[in-house]
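Quick notes on the structure that follows.
For clarity, every value in this text was computed on a predicted model and none was experimentally measured. Letters A, B, ... are given to chains in the order of the sequence lines, protein chains preceding strands, and every chain is numbered from 1.
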2 protein chains.
Amino acid sequence: MKNSTSFDCPDENMNNSRAADELIRHFVELINTGQLKEGEPLPTERKIVETLGVSRTVVREAILSLANKGLVEARHRYRPVVRKSDFDAAFDTINDVVSRILVEPGSVKYLYDTRVLIESILVRRAATDATKEDILALKQALANNSEAIGDSESFYQTDMAFHSILYQIPQNPVLPAIHRAYTAWLSPRWLLMPSNEEKNQTNFEAHRKIYEAILMRDPDAAEERLCEHLTYAWNQVKDYLNDDQI
Amino acid sequence: MKNSTSFDCPDENMNNSRAADELIRHFVELINTGQLKEGEPLPTERKIVETLGVSRTVVREAILSLANKGLVEARHRYRPVVRKSDFDAAFDTINDVVSRILVEPGSVKYLYDTRVLIESILVRRAATDATKEDILALKQALANNSEAIGDSESFYQTDMAFHSILYQIPQNPVLPAIHRAYTAWLSPRWLLMPSNEEKNQTNFEAHRKIYEAILMRDPDAAEERLCEHLTYAWNQVKDYLNDDQI
DNA sequence: TTGAGTAGTTTGGTCATACTAAAAGACACA
DNA sequence: TGTGTCTTTTAGTATGACCAAACTACTCAA
């Protein structure tokens, strides 16, 4: 009564290596139900072999897949341990595909535009919803940014830090993860661009205007200033990169 | 002068299986530089063995990793072929981590809130930027939605279709990919919820109001209507799911 | 000549075994 | 009790073998 014959079972067996897939499902189940807790190591490969009755090849394939999916962390020569699965981990697992995509002309701009879109709504919400503490955090970030104008390296850091506050305000852990992902994906291109004090000054002024618009509880102005700022930044980068790098 | 001894080279060799990683980098390179084109099959495992001088074990691990990363597509018993790497593919590769995250209480709400955030700015942009064609597409989607009020299955489809128009308007391929991802991740929970004509009617009216606000070129109203709509939808779902399902 | 059926070959999936080097654990010694 | 060394365990790798499915080329009949 089983469909274990060699027929085409389109939705179940066709896709991948059946044996390893079963193992993967097994461990995903264990992890999701909490029978394997975060930080806990998986059984040793040989233990799995004798427990589940499969070959070590299959076990290794399964573990490798789990590692690639980001469910476990497999350090060299260590037992793989169940990984904390947060939204940061999710973005980590697509780094390779994304960097593959970003070599395609035009894709960096597309990604950047979505960042503009997201930060647009974030500054709006900041303008309407920011608490005193949020405003203070922005003010502090702005001060740090101002002090770093002379040093391009730390200016970049404080620049990112200022923007990251915007992602923290809605108290939603997905948003900081998005920001980290954007930073990881876009910064390699950004860092190719030479920097100077004049540009830093301009960018700082832009940050200040955004901050002030938020302070005035004016979402339209905040969004407007942000878009100006990010458009300026994009044009700066565009001029310094070859066409095939954006 | 090489660091190929067995010392700890923290940033290079420590992380993973060195041999397979080198192979992976090799193929990633080939793919990114276009020496392996989209749809083209990788060499056979045995060919790679003799060309690169590594064991088949390592080759298989490397190929498996590439498949997991979404760079190649490895169907059962077929040669793995280089996969089209678009933003949709990127989201596909994190399905497992995300569904792992979504079993965690509260995470569905977090994800849903980011959807609200994104659609908020999308309706604003629709109100300010939508072309005649965009408006027509919305109108058509709305009409389809209206006709489906009596049939909950197709109402859900037309509901999604209406929202998807919003993601298409900025002409940025990242956005439809985001929408598809949201749909894939959230719909399993949504579909648990029983539906009825009355609810469908309410949701349709909400869509109509959003459409009209866009038609009036009123971004504030559009955002307001959208948030009302999505908040209502969330409350509907919340009432029908157990606490540990959201 | 052409098309379908068939036999042989190739290739991915799996298993078993062996070896190496590093990690983990046990143990003796100071 | 703390420390250094030895042994055991284990992940990483290599090799060879086998199976079944996919592919290829050939044969044979219409």
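The phosphate of C:dT11 (OP1 or OP2) has no side-chain N or O of B:R77 nearer than 4.0 angstrom. Regarding contacts with the backbone of C:dC15, every side-chain N or O of A:R56 stays at 4.0 angstrom or more from both OP1 and OP2.
The base of D:dA14 sits within donor-acceptor range of the side chain of B:T57, with an N or O pair under 3.5 Å.
Closest contact between the side chain of B:Y78 and the listed nucleotides D:dA11, C:dG12, D:dC23 involves D:dC23. Nearest to the side chain of A:V58, among C:dA23, C:dT14, D:dT13, sits C:dT14. Closest contact between the side chain of A:V54 and the listed nucleotides C:dA23, C:dG13, C:dC15 involves C:dC15.
Residues passing the salt bridge (charged side-chain N to carboxylate O under 4.0 Å, His left out) test with A:K47, sequence neighbours excluded: none. Checked against ring pair (Phe, Tyr, Trp, His ring centres under 6.0 Å), A:Y112 has the following partners two or more places apart in sequence or in another chain: A:W190, A:W234. Scored by the side chain to side chain donor-acceptor pair (under 3.5 Å) test, B:Y156 finds no partners at all (sequence neighbours excluded). Every residue meeting the ring pair (Phe, Tyr, Trp, His ring centres under 6.0 Å) condition with A:Y167, not counting sequence neighbours, appears here in chain and number order: A:H179. When the salt bridge (charged side-chain N to carboxylate O under 4.0 Å, His left out) test is applied to A:R56, the partners found at least two apart in sequence or on another chain are A:E45. With sequence neighbours left out, B:D159 forms a salt bridge (charged side-chain N to carboxylate O under 4.0 Å, His left out) with no residue at all.
In this structure, B:R79 places its CZ atom 13 Å from P of C:dT10, rounding to the nearest Å. Between A:L64 atom CG and C:dT14 atom P the separation is 14 Å, expressed in whole Å. Across the protein-nucleic acid pair, B:E61 atom CD and C:dG13 atom P stand 14 Å apart, rounded to whole Å. Rounded to whole Å, atom C1' of D:dA11 lies 16 Å from atom CG of A:L66. When the P atom of D:dA14 is taken as reference, atom CD of B:E22 falls 12 Å away, rounded to whole Å. The distance from atom CG of A:L23 to atom C1' of C:dG13 is 14 Å, rounded to the nearest whole Å. Atom CZ of A:R75 and atom P of D:dG12 are 12 Å apart (whole Å). In this structure, CD1 of B:I63 is placed 8 Å from P of C:dG13, rounded to the nearest angstrom.
Under the 4.5 Å side-chain criterion, counting only non-hydrogen atoms from C-beta, A:V81 is not in contact with A:E40.
Atom CZ of A:F27 has more than 12 heavy atoms from other residues, nucleotides or ligands within 6.0 Å.
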Side-chain atoms of residues 32-39 of chain A: list all donor-acceptor pairs with protein atoms under 3.5 Å, sequence neighbours left out, distances to 0.1 Å.
from, atom 1, to, atom 2, distance (Å)
A:T33, OG1, A:E29, O, 2.9
A:T33, OG1, A:L30, O, 3.3
A:T33, OG1, A:Q35, NE2, 3.1

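Comparing the end axes of the helix from C:dT1-D:dA30 to C:dA30-D:dT1, each fitted to five base pairs by superposing C1' atoms of four pairs onto the next four, gives an inter-axis angle of 10° (nearest 10 degrees).
Taken residue by residue, residues 37-53 of chain B places heavy atoms nearer than 4.0 Å to DNA chain D at B:R46.
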